[in-house]
Engineer: 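Mind looking over this structure? Questions follow.
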Amino acid sequence: MVAEDHKPEPIDVEDHKTTTIIVEGTPHKWPEEYITYDQVVTLEVPDYAQNPEITYTVIYKRGPRDKPEGTLSKGGTVKVLEGMVFNVTPTGQS
């Protein structure tokens with residue numbers, strides 16, 4: 001008999017810990033511990049990068065214990081928690 005090589009099983013993306021966040025009522029699996037303003041806006045507005053003249057207000061709730069509700073500003077980052085809710089609203093020209 002020939003011994004089989006014992007290679008580790010390939011890692012399935014579904015096995016990685018993900019957090020479900022809600023952006024404008026739509027659930028999204030998020031694979032990272034933090035999310036940026038740009039990432040949240042892009043989940044709601046996929047062509048966000050092509051329209052830099054439009055700014056957005058990003059409000060979240062069900063966030064981290066130290067600040068469970070707040071506004072995520074351009075350039076900002078927030079730690080994500082399971083079930084965290086984001087609202088993305090266009091605010092006009094920058």
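Note that the coordinates shown come from a computational prediction; the quantities given were computed from them, not determined experimentally.
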Engineer: Taking the side chain as C-beta and beyond, is there a heavy-atom pair between Thr55 and Pro90 under 4.5 Å?
Structural biologist: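 Thr55 vs Pro90: side chains apart.
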Engineer: Run Glu24 and Phe86 through side-chain contact (heavy atoms from CB on, under 4.5 Å) and show every step you take.
Structural biologist: CA-CA 6 Å; Glu24 288 296 325; Phe86 294 87; over 6 Å; no
Engineer: Can you measure from CE (Met84) to CD1 (Ile22) and round to the nearest 0.5 angstrom?
Structural biologist: 11.5 Å
Engineer: If you measure from CH2 on Trp30 to CD1 on Ile35, what distance do you get to the nearest 0.5 Å?
Structural biologist: 4.0 Å
Engineer: Please enumerate all residues that pass side-chain contact (heavy atoms from CB on, under 4.5 Å) together with Pro46, with sequence neighbours excluded.
Structural biologist: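 If we apply the side-chain contact (heavy atoms from CB on, under 4.5 Å) test to Pro46, skipping adjacent residues, there are no hits.
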Engineer: Quick one: salt bridge (charged side-chain N to carboxylate O under 4.0 Å, His left out) partners of Glu33, sequence neighbours excluded?
Structural biologist: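 Expected list: Lys79.
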Engineer: Check whether any side-chain heavy atom of Asn87 lies under 4.5 Å from a side-chain heavy atom of Val58, and answer yes or no.
Structural biologist: no
Engineer: I'd like to know if the side chain of Thr42 pairs up with that of Gln39 as donor and acceptor (distance under 3.5 Å, no hydrogens or angles considered).
Structural biologist: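 Side-chain D/A pair, Thr42 to Gln39: absent.
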Engineer: Look only at the side chain of Thr77 and the backbone of Tyr34, and say whether a donor-acceptor pair between them is shorter than 3.5 Å.
Structural biologist: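 Side chain of Thr77 to backbone of Tyr34: no pair is present.
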Engineer: How many angstroms lie between atom CD of Glu44 and atom OH of Tyr56, to the nearest 0.5 angstrom?
Structural biologist: 8.5 Å
Engineer: Locate the shortest heavy-atom distance separating Lys29 from Thr18; write the atom from each residue and the value.
Structural biologist: CD-OG1, 3.6 Å
Engineer: Would you be so kind as to tabulate the donor-acceptor pairs closer than 3.5 Å made by side chains of residues 65-74, with sequence neighbours excluded?
Structural biologist:
{"from": "Lys74", "atom 1": "NZ", "to": "Asp38", "atom 2": "OD1", "distance (Å)": "3.4"}
{"from": "Lys74", "atom 1": "NZ", "to": "Tyr48", "atom 2": "OH", "distance (Å)": "2.7"}

Engineer: Check Leu43, Leu81, Val85 against Ile21 for a side-chain contact (heavy atoms from CB on, under 4.5 Å) and give me the one that passes.
Structural biologist: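 The single option meeting the side-chain contact (heavy atoms from CB on, under 4.5 Å) with Ile21 is Leu43.
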